[in-house]
Amino acid sequence: MSNYHIKHLEEYFKTHRKSVREPELFWEEIAEEHFVWRKRWDKVLSWDFRKPEVKWFEGAKLNITENCIDRHLRMKGDKTAILFEPNDPNAPAEHITYNRLYERVNQLANVLKSKGIKKGDRVCIYLPMIPELAISLLACARIGAIHSVVFAGFSSNALSSRINDSECKMVITSDGSYRGSKTIDLKGIVDEALIDCPCVEKVLVVNRINAEIELKEGRDEWLAPLLETASTECEAEIMDAEDPLFILYTSGSTGQPKGMVHTTAGYMVYTAYTFKNVFQYRENDVYWCTADIGWITGHSYIVYGPLANGATTVMFEGVPSYPDYGRFWQVIEKHKVNQFYTAPTAIRALAKQGGSFLEDYNLSSLKVLGSVGEPINEEAWHWYNDNVGKRKSPIVDTWWQTETGGIMLSPLPYITPTKPTYATLPLPGIQPALLDESGDEILGNQVDGRLCIKFPWPSIARTIWGNHQRYKETYFSAFDNMYFTGDGALRDEVGYYRITGRVDDVIIVSGHNLGTAPIEDAINEHPAVAESAIVGFPHDIKGSALYGYVTLKEAGEERNHDNLRKEINQLISDHIGPIAKLDKIQFTKGLPKTRSGKIMRRILRKIACNEMDNLGDISTLLNPEVVEEIIKDAQQ
Ligand code: PRX
């Protein structure tokens with residue numbers, strides 16, 4: 001018997017022990033009892049972190065959409081699968097049943113096929129949070145095409161580099177999107193991106209805002225008329241367990257974003273299992289994750305995990321501040337949401353508005369609150385617990401990554417006693433370790449180190465698209481025979497984990513992972529700029545914000561620095577997106593460097609964080625004098 005649904009703390013410990021002692025047996029039982037397969041696997045797991053190579057359920061054949069849709073039709077055909085809440089609070093919500101989802105996914109799958117998309121082709125999806133977004137993922141999966149969703153807040157440059165990296169043949173987009181009181185011209189962004197994308201043959205356009213747009217002859221088509229005539233039946237492509245399901249880009253500390261590749265069977269099993277347990281989802285619950293499907297949280301915990309469990313998953317098009325800061329609470333009341341999963345940055349922004357926006361709404365349906373994307377500070381944790389959960393709904397602080405595919409560390413609600421700011425314990429199947437800088441595992445409790453994972457879990461990303469070497473270097477080279485997360489963590493006296501933050505040059509701003517290198521590259525394109533360095537500093541809503549140190553080519557540059565600041569932020573917006581704009585820009589005569597020419601970000605970070613008395617030894621620098629100057633200017 002599998003332990004698919006854990007109900008007590010003792011059962012959790014027992015299950016975790018079993019998953020460590022007999023990982024293959026553990027996952028095999030779950031896979032066998034809770035999913036439908038076209039053919040059983042020959043081998044549960046083969047792995048070698050030194051290569052690195054990980055394969056789960058090799059030899060098995062399946063289609064993930066049969067698990068997320070078809071198998072629910074008999075018993076739950078009329079149950080709401082996707083509950084769409086539009087941006088406009090006065091527009092009606094849309095309840096898409098499993099029956100209807102089946103038809104709509106198949107229709108789109110047939111359209112994709114008719115436009116020449118085949119198994120293994122890459123399809124870029126650049127859509128707002130509307131049902132067509134979730135349906136596009138599933139339609140790709142239905143026919144074995146690999147989806148690559150790009151968050152619709154990214155700029156045309158960011159979009160084109162992602163499209164080209166994985167050579168997408170098609171883009172699915174919309175004429176525009178609603179964002180609070182504004183509309184955004186998505187199609188215009190796509191048109192600009194595609195100037196540099198020779199690989200794209202077709203663009204399908206959803207009509208969302210009735211915008212007047214140009215359709216490029218031979219390339220662009222409105223989607224709706226194509227769907228109308230498409231059949232609602234589409235045979236599912238039979239996939240191998242290890243066939244890629246999707247690519248999703250995430251920032252690295254250096255270079256271009258990394259196209260993380262997730263494969264089919266392991267990803268399905270792990271996201272479904274963790275969804276069930278972390279949210280303690282029960283039949284008829286209404287579950288709402290506020291993330292965008294452009295991020296991994298949306299892939300795993302709006303689409304695949306919930307649907308594999310036959311759940312009702314809310315998709316929200318809007319923003320927490322429109323028409324006012326009560327919007328989240330209004331949606332919770334309206335749809336009687338039971339599980340609510342959001343990010344610390346949203347919690348902090350809402351907390352800042354005080355409790356008055358909450359007072360008008362009945363939140364008594366809530367059973368579980370979730371947090372994801374960055375460390376949740378103690379104040380935000382308590383505000384969430386007191387005001388939203390009324391101290392009755394446990395908070396699950398879920399730690400994981402794009403690369404891990406699913407939640408790795410988290411309390412189980414009503415089972416694991418929670419502790420503010422702690423992601424607490426590993427889920428079954430997860431074997432965390434803390435390592436010191438020399439690569440030795442730190443045993444025992446009340447210790448801190450670099451967080452690694454010792455053993456593969458089913459939804460680990462298998463590679464970086466087109467660059468396996470980078471995958472190896474980034475995740476498997478820092479420590480021997482371990483997956484390195486890039487995060488630091490501590491383990492308290494009872495063995496609970498707390499994430500202390502990134503130990504590399506990735507900065508998490510409002511829950512978005514940003515690498516410093518691409519931002520610096522964008523800044524350095526400004527003709528007046530010689531060099532730049534980005535660091536993070538604490539921000540009361542965003543968690544971290546970006547601080548840029550910029551040196552100009554001509555010392556004593558006469559230009560108006562405020563204009564220069566605007567131009568720099570515009571460049572960043574164009575290259576990456578508005579999310580990567582700098583909060584502070586300091587012009588400096590030089591950047592502190594080691595004798596080998598490496599920028600000493602540690603020092604810059606301390607200055608940005610106002611920790612000047614604690615700079616450490618700077619005498620070995622190539623140019624210690626610039627530090628004094630930077631400090632002086634920073635304090636002005
Ligand atoms: O630093 C950790 C932080 O977010 C990083 C992963 O970002 P991304 O791949 O964009 O995925 C975010 C959604 C899963 C991690 O390396 N992070 C994520 N969740 C938490 C967190 N830090 C602290 N606590 C968390 N609960």
Side-chain angles (χ1 to χ4, degrees), residues 149-151 153-154 246-253 257-262 267 270-271 274-275 278 289-302 304-305 341-348 369-378 380-381 384 395-411 416 418-427 430 432 448 450-453 457 459-461 464 474-475 478 483-490 496-515 536 542-544 577 579-580:
V149 182
V150 177
F151 171 59
F154 275 123
F246 66 85
I247 301 168
L248 185 60
Y249 287 86
T250 187
S251 306
S253 44
K258 300 168 286 190
M260 305 312 306
V261 177
H262 283 284
Y267 176 82
Y270 194 75
T271 53
T274 49
F275 173 77
V278 171
C289 166
T290 69
D292 192 289
I293 293 177
W295 311 113
I296 191 70
T297 307
H299 281 61
S300 302
Y301 299 108
I302 295 179
Y304 290 112
Y341 191 26
T342 195
T345 186
I347 298 166
R348 287 189 296 263
L369 302 178
S371 171
V372 61
E374 56 182 310
I376 178 165
N377 50 309
E378 194 139 0
W381 194 98
Y384 200 24
I395 296 176
V396 289
D397 178 359
T398 64
W399 172 84
W400 57 296
Q401 310 178 293
T402 306
E403 297 85 339
T404 68
I407 297 169
M408 303 288 279
L409 304 175
S410 174
T416 318
T418 59
K419 178 174 175 183
T421 77
Y422 281 74
T424 73
L425 297 172
L427 294 184
I430 305 307
D448 67 277
R450 295 176 175 224
L451 180 62
C452 293
I453 314 289
W457 61 101
S459 64
I460 182 175
I464 291 174
T474 312
Y475 305 105
Y483 167 81
F484 175 45
T485 64
D487 283 327
L490 61 80
Y496 274 14
Y497 288 88
R498 175 186 183 167
I499 306 301
T500 49
R502 300 290 311 178
V503 296
D504 56 11
D505 289 328
V506 170
I507 304 169
I508 304 189
V509 178
S510 300
H512 303 315
N513 235 345
L514 299 172
K542 298 179 182 182
S544 295
I579 49 175

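Numbers here simply count residues along the sequence, with the first being 1. When a ligand or atom number is given, it counts from 1 through the structure's own listing order.
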Between ligand 1 and the protein, find all N/O pairs closer than 3.5 Å and give the distance for each.
| residue | atom | partner | partner atom | Å |
| --- | --- | --- | --- | --- |
| ligand 1 | 1 (O) | D487 | OD1 | 2.7 |
| ligand 1 | 1 (O) | D487 | OD2 | 3.2 |
| ligand 1 | 4 (O) | G373 | O | 3.2 |
| ligand 1 | 7 (O) | N513 | ND2 | 3.0 |
| ligand 1 | 9 (O) | T402 | N | 2.8 |
| ligand 1 | 9 (O) | T402 | OG1 | 2.6 |
| ligand 1 | 9 (O) | N513 | ND2 | 3.3 |
| ligand 1 | 10 (O) | N513 | ND2 | 3.2 |
| ligand 1 | 16 (O) | Q401 | NE2 | 2.9 |
| ligand 1 | 16 (O) | D487 | OD1 | 3.3 |
| ligand 1 | 16 (O) | D487 | OD2 | 2.6 |
| ligand 1 | 16 (O) | R502 | NH1 | 2.8 |
| ligand 1 | 17 (N) | G373 | O | 3.4 |
| ligand 1 | 19 (N) | G373 | N | 3.1 |
| ligand 1 | 22 (N) | P375 | N | 3.4 |
| ligand 1 | 24 (N) | E374 | O | 3.3 |
| ligand 1 | 26 (N) | D397 | OD1 | 2.7 |
| ligand 1 | 26 (N) | T398 | O | 2.7 |

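Remark: R502 engages D487, D504 in a salt bridge (charged side-chain N to carboxylate O under 4.0 Å, His left out) (not counting sequence neighbours). Under the salt bridge (charged side-chain N to carboxylate O under 4.0 Å, His left out) criterion, D505 pairs with R601, R605, not counting sequence neighbours. Legend: residues meeting side chain to side chain contact (heavy atoms under 4.5 Å, CB included) with S371, ordered by chain and number and at least two apart, are P344, I376, D397.
Relative ring orientation between Y483 and W457 is described as perpendicular, the plane-to-plane angle rising above 60° on a 0-90° scale split at 30° and 60°. Between H512 and F151, the ring-plane angle classifies as tilted under the 30° and 60° cut-offs.
Inspection of the Y301 and T274 side chains reveals an N or O donor paired with an N or O acceptor under 3.5 Å.
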